[in-house]
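Let me begin by presenting the structure, written as structure tokens, before commenting on it.
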Amino acid sequence: MNRNDLDHIEMHLLLEGIYRVYGYDFRDYAEASLRRRLSHWLAEAGFSSFSEAQFRVLRDRNLLDYLIRGITVNVSEMFRDPLFFKSLREEVVPVLKTYPFVKIWHAGCATGEEAYSMAIMLNEEGMAGRYLIYATDINAATLCRAQTGIFPLAEMQRYTKNYLKSGGTSSFADYYTARYDGALLAPALRENIVFSTHNLATDADFSEMHLVLCRNVLIYFKLNLKDRALNLFNCCLIPGGFLCLGSKETLENREIAGHFTETIPQSRIYRKSVAMRR
Ligand SMILES: C[S@@+](CC[C@H](N)C(=O)[O-])C[C@H]1O[C@@H](n2cnc3c(N)ncnc32)[C@H](O)[C@@H]1O
């Protein structure tokens, strides 16, 4: 057996141990990227092998949190894929407006940029006070950052461009205050957002959602874990509710595909059939 084969076995033993001790299930993450990130974390944490890391991680919860930070990819941005947000504003928001109150779930929200973008858009569309956004992630550290509502000032120029391309109707500068090298988003934007931890691999679903966004998360999952997450979304969406995926993610060939129709081809905005029950 060569070194690679041994590494492979040890990595899987580490993931199995983490699942059994802590209930965090990374066993069905896409192999290549998980292995790359775990190997990088191993070197950064100063371990010489997965087995050595396993001994320590299974006995030290703080080390597990450090490992979760190492394996999850937390990049995000405000109004990411502006044309997606434009379609959301033009195709989905008019439907949301027909309800007295809507519930929205951002699954895998990272540092919260997507949820804040949603709040800005809904307020501009006259829905202030008529929505609740649940923004969840497996990584507690990113949620802490999300809750501060502070983002790098250097990013604001790019976010302003995204905002304008997405059909923003105001001045993006009105939504933040510059503080040294940070931009503090208007606290009112946070009023209708609940940030909380949620693990798509092991936790239960929410209920009666009108819109679920899970963008750039499923790409890190193997097919069976993708299906688990998608089944959660299908269960929690009301008939006629919307599901949004990232540009490289699709419902094609997935278990729940028959319950949904893509609103505009390639938009990755899917609408749940009205006739279909859960
Ligand atoms: C690339 S970010 C996507 C952020 C945002 N949705 C966007 O598109 O800009 C992927 C996020 O998925 C989260 N994630 C990974 N595995 C998860 C799981 N099992 N349950 C919930 N979130 C998870 C990561 O922590 C990370 O914050």
Side-chain angles (χ1 to χ4, degrees), residues 15 18-19 22-38 40-41 64-85 87-88 104-121 133-148 151-152 155 158-159 162-163 166 185 193-206 209 211-233 236 242-250 267-269:
L15 298 179
I18 289 174
Y19 176 60
Y22 300 108
Y24 278 91
D25 195 353
F26 295 107
R27 297 172 302 174
D28 287 322
Y29 277 48
E31 183 96 19
S33 68
L34 178 66
R35 193 187 170 109
R36 201 170 45 246
R37 296 192 69 81
L38 263 178
H40 184 262
W41 176 84
L64 174 75
D65 292 336
Y66 177 32
L67 181 141
I68 291 174
R69 292 201 293 278
I71 39 185
T72 53
V73 180
N74 307 117
V75 280
S76 191
E77 59 186 74
M78 292 194 71
F79 295 95
R80 184 177 193 176
D81 303 329
L83 296 183
F84 160 78
F85 272 93
S87 303
L88 209 55
I104 298 169
W105 179 17
H106 289 265
C109 70
T111 32
E113 289 86 338
E114 197 180 72
Y116 285 112
S117 307
M118 178 67 74
I120 289 175
M121 188 178 72
I133 294 175
Y134 297 91
T136 65
D137 203 279
I138 192 177
N139 183 337
T142 59
L143 291 171
C144 286
R145 280 181 53 203
Q147 251 150 350
T148 66
F151 297 100
E155 297 289 4
R158 190 158 58 99
Y159 293 174
N162 283 357
Y163 166 78
S166 78
L185 292 185
I193 307 180
V194 177
F195 289 103
S196 96
T197 51
H198 179 277
N199 186 342
L200 289 166
T202 48
D203 293 342
D205 59 82
F206 293 81
M209 292 289 153
L211 167 63
V212 173
L213 299 96
C214 184
R215 300 170 64 223
N216 309 302
V217 180
L218 300 183
I219 33 169
Y220 300 106
F221 294 174
K222 285 185 190 161
L223 291 182
N224 55 335
L225 185 51
K226 278 191 219 273
D227 278 329
R228 183 190 193 274
L230 290 170
N231 278 314
L232 281 185
F233 303 149
C236 76
F242 294 90
L243 170 64
C244 302
L245 304 180
S247 59
K248 297 192 191 88
E249 297 155 337
T250 168
S267 66
R268 304 305 188 233
I269 300 176

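All ligand and atom numbering here is 1-based and tracks the order in the structure.
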Side-chain donor-acceptor pair present, Thr142, Asn74, cut-off under 3.5 Å | no

Separation between CD (Glu31) and CG (Leu34), nearest 0.5 Å, reads 7.0 Å

shortest atom 4 (C) of ligand 1-to-protein heavy-atom contact is with Gly108 O, 3.3 Å

Closest to atom 10 (C) of ligand 1 among protein heavy atoms sits Val73 O, 3.2 Å

Heavy-atom nearest neighbour in the protein, as seen from atom 20 (N) of ligand 1, with distance rounded to 0.1 Å | Leu200 N, 2.9 Å

Distance to 0.1 Å, residue and atom name: give those for the protein heavy atom nearest to atom 22 (N) of ligand 1.
-> Ile138 N, 3.4 Å

Pair Tyr29 + Phe221: ring centers closer than 6.0 Å | yes

re atom 7 (C) of ligand 1, the protein heavy-atom contact at minimum distance is Arg80 NH1, 3.1 Å

Going by the order shown, which atoms of ligand 1 are within less than 4.0 Å of some heavy atom of Arg215?
-> 3 (C), 5 (C), 6 (N), 7 (C), 8 (O)

Contact atoms of ligand 1, heavy-atom distance to Asn216 under 4.0 Å | 1 (C), 2 (S), 3 (C), 7 (C), 8 (O), 10 (C)

Can you list the ligand 1 atoms lying under 4.0 Å from a non-hydrogen atom of His198?
-> 20 (N), 21 (C)

Which of the atoms of ligand 1 are close to Ala110, meaning less than 4.0 Å from one of its heavy atoms?
-> 4 (C), 27 (O)

Enter the distance from Ile193:CD1 to Gln147:CD here, rounded to the nearest 0.5 Å.
-> 10.0 Å

Is there at least one pair of N or O atoms, one from Ser76 and one from ligand 1, spaced under 3.5 Å apart?
-> yes

Looking only at non-hydrogen atoms, the one of Thr142, Leu218, Asp203, Asp137 nearest atom 13 (C) of ligand 1 is Asp137

Taking the six-membered ring where the residue is Trp, are the ring centres of Tyr163 and Phe79 under 6.0 Å apart?
-> yes

Give the residue and atom name of whichever protein heavy atom lies nearest to atom 19 (N) of ligand 1, and the separation in Å to one decimal.
-> Tyr29 OH, 2.8 Å

Distance from Ile133 atom CD1 to Thr136 atom OG1, nearest 0.5 Å?
-> 12.0 Å

Would you check whether Phe221 reaches within less than 4.0 Å of ligand 1, judged by its heavy atoms?
-> yes

Set of residues satisfying salt bridge (charged side-chain N to carboxylate O under 4.0 Å, His left out) with respect to Glu113, sequence neighbours excluded | none

CD1-CD1 distance between Ile18 and Ile68, expressed to the nearest 0.5 angstrom | 7.5 Å

